[in-house]
2 protein chains.
Amino acid sequence: MIKGKDGSNIPKVVIERLPRYYRYFDRLDGEMEKISSKKLGELMDTSASQVRLDLSYFGDFGQQGYGYNIKKLKRELANILDIETKKNVIIIGAGNIGRALTRFNALKEAGFNLTALFDVKPILIGERLNNVLIRHIDELSSYLESHDISIAVLAVPKAVANKVVKTLIEHGIKGILNFSRTDLDVPKGFPIENIHIMDKILALSFIIRANK
Amino acid sequence: MIKGKDGSNIPKVVIERLPRYYRYFDRLDGEMEKISSKKLGELMDTSASQVRLDLSYFGDFGQQGYGYNIKKLKRELANILDIETKKNVIIIGAGNIGRALTRFNALKEAGFNLTALFDVKPILIGERLNNVLIRHIDELSSYLESHDISIAVLAVPKAVANKVVKTLIEHGIKGILNFSRTDLDVPKGFPIENIHIMDKILALSFIIRANK
DNA sequence: TAGATTGTTAATCGATTAACAATC
DNA sequence: TAGATTGTTAATCGATTAACAATC
C-alpha cells in the first residue's frame, strides 16, 4: 500500500484521480490565480469534500479563507506525478495501437521517453517510426538487460500477451500499460494499468440500449 | 438508473464488468463445459460472491450443484451486450488514434459498424481508410441527420472537443466514447465513456515510483 | 474583525464479501 | 442420497459526504 503525507495509506481510487486534478490545474493556469474546493468540485463534477480529502493525502496545499493557488498546485501535482523526470518506455507491438502511441507526442511532454518498439514481423524490423527503431521481439530480453526501462506498453495480440509479459517481468520491468485484449498474469501487487477499449465501447453500448 | 432482472437497479460498476465476463466465457468456450463461481472467481481474481451477485442482476443463469454452462453463459452475455445487432459508429478525428481505431477490426466482430470518419484537414478529406471515407467535419451535422448513428468516437484535440460534442448532442447522438484529452460537457446522465491514456500512464508511473 | 475556506473527523452511503437455505 | 453450488440476504468493509473547529 502506498503511503501519503503522514504515513496514511492512499486509496487506489485517489491515486487514479491524481492525473485528472493535474489536468484541471493545468487548464486553469493562466485563467485565474486561485480556486476553492467548492468551485473546483463544481467544475470537476464532484464534491468539495472529495477535492479537499484527495489533495490532503499529499500535503497541506490550501489556505483557509483563500483556497488553492493554481500555479502552486500545478507545480505540486507535477512534482507528485514526477513529470519532470525522464522515464524510459518501450512499446511491444507495432500494429495499429502501437504505431498510434509511438506518434502520440503528449507522452514526451509528461516525461515519457520512448526508446524502442518491438514486433515479430520481419518487414517492420529496422524501420523507424517517429524516429524510434523497430526491433525484433527476440531482442527484447537483451535490450531490457542493457537499458533502464520503467514501463512497457503492451499492444500485442492476446494470444502472445502473456508470453511477452513473462519476459518483461523476468527482466525487471517496473510497470505495464496493457492495451492487449486479455488480462495479464502478473504477480500480486505488480503495477499494471489496463486499457480495454472493447470493454468500454461494449459497456457504453449496453447503457445506450438500456436507456431506451 | 438501469434496471435488471426484477426491476432492481444495476450498479454502474457491475455494468462496466460485463464485457470482462464476456471475455472470460468467450475464452473458456471450447476449453470446458461448465464452471463454478468459485473457479471463475479465482480465474478473474475476484470473489465467488461477486461473480454470482453480478450475474444475478441479469438472470438466473446457474444451476445448483453444477455451476454455469459456458456455452449458455457466452450466449446470454452476447445477448445482454447486444453483440448480434449492428450499431452504427462514426469516428471524429483522423489523427493517430482515429486512424488506429479505424483499422481496429475487432469492433466489427462485436457488432460495431464504422460508417464514416471526420476531420478538418483538407488533404485527408476524400481518402479511404480501411474502406471508410474521410469526410469534412462541416458535413457532420447533415450526416447525423441523414444516418442513424448510435456512437461517436471522439479523437480530436482537446481545444475543439466540446465544440464537436455540442454538434453531436444537438443531432441526437446516443453515446460518446471519448479519447480526447479533456472532460466533455454533456447533459447529466448522458452515456459517455472516457479513455484517458495519459491519466492511466501517469497513475502507473506514480505507483511505480511510490513502490520504491 | 467578519467572512471564507481549509484539513480532518464523524456520519452516511454503496459495494463487496460471508453466510446459508434451497435445490440440482 | 450426499455433495456441490446456486441466488439472495445480512454483515462488513471502504469510499464519499457532511459537519465543524481552526485560522487565514
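All heavy atoms count here, side chains included; hydrogens, waters and symmetry mates do not.
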Strand DNA chain C as a dot-bracket string - pairs counted if Watson-Crick or G-U with both distances under 3.5 Å, | where the partner lies in another strand | ..||||||||||||||||||||||
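Within residues 35-74 of chain A, the residues having any heavy atom closer than 4.0 Å to DNA chain D are, in order of number, A:S47, A:S49, A:Q50, A:R52, A:L53, A:Q63, A:Q64, A:G65.
Between B:I15 atom CD1 and C:dA15 atom P the separation is 11 Å, expressed in whole Å. As rounded to whole Å, 15 Å separates atom C1' of D:dT6 from atom CD of B:E76. Whole-Å rounding puts the B:N9 CG to D:dT8 C1' distance at 17 Å.
Heavy atoms of A:K5 sit under 4.0 angstrom from primed sugar atoms or phosphate atoms, though from no base atom. If you check every strand for non-hydrogen atoms under 4.0 Å, B:K12 touches nothing.
Within a 6.0 Å sphere centred on NZ of A:K38, other residues, nucleotides and ligands contribute 12 heavy atoms or fewer. Annotation: B:K108, atom NZ; neighbour count of heavy atoms from other residues, nucleotides and ligands within 6.0 Å does not exceed 12.
From A:K74, atom NZ reaches atom CD1 of A:I83 across 9.0 Å, with rounding to the nearest 0.5 Å. Distance check: A:L73 CG to A:Y21 OH gives 10.5 Å after rounding to the nearest 0.5 Å.
Between B:V51 and the options B:D54, B:L55, B:L53, a side-chain contact (heavy atoms from CB on, under 4.5 Å) holds for only B:L55. Partner of A:I90 under the side-chain contact (heavy atoms from CB on, under 4.5 Å) criterion, out of A:L154, A:L140, A:I151: A:L140 alone.
Using a 4.0 Å cut-off between charged nitrogen and carboxylate oxygen, A:K188 and B:D45 do not count as a salt-bridge pair.
Every side-chain contact (heavy atoms from CB on, under 4.5 Å) that B:H147 has, sequence neighbours left out, goes to B:Y143, B:I149.
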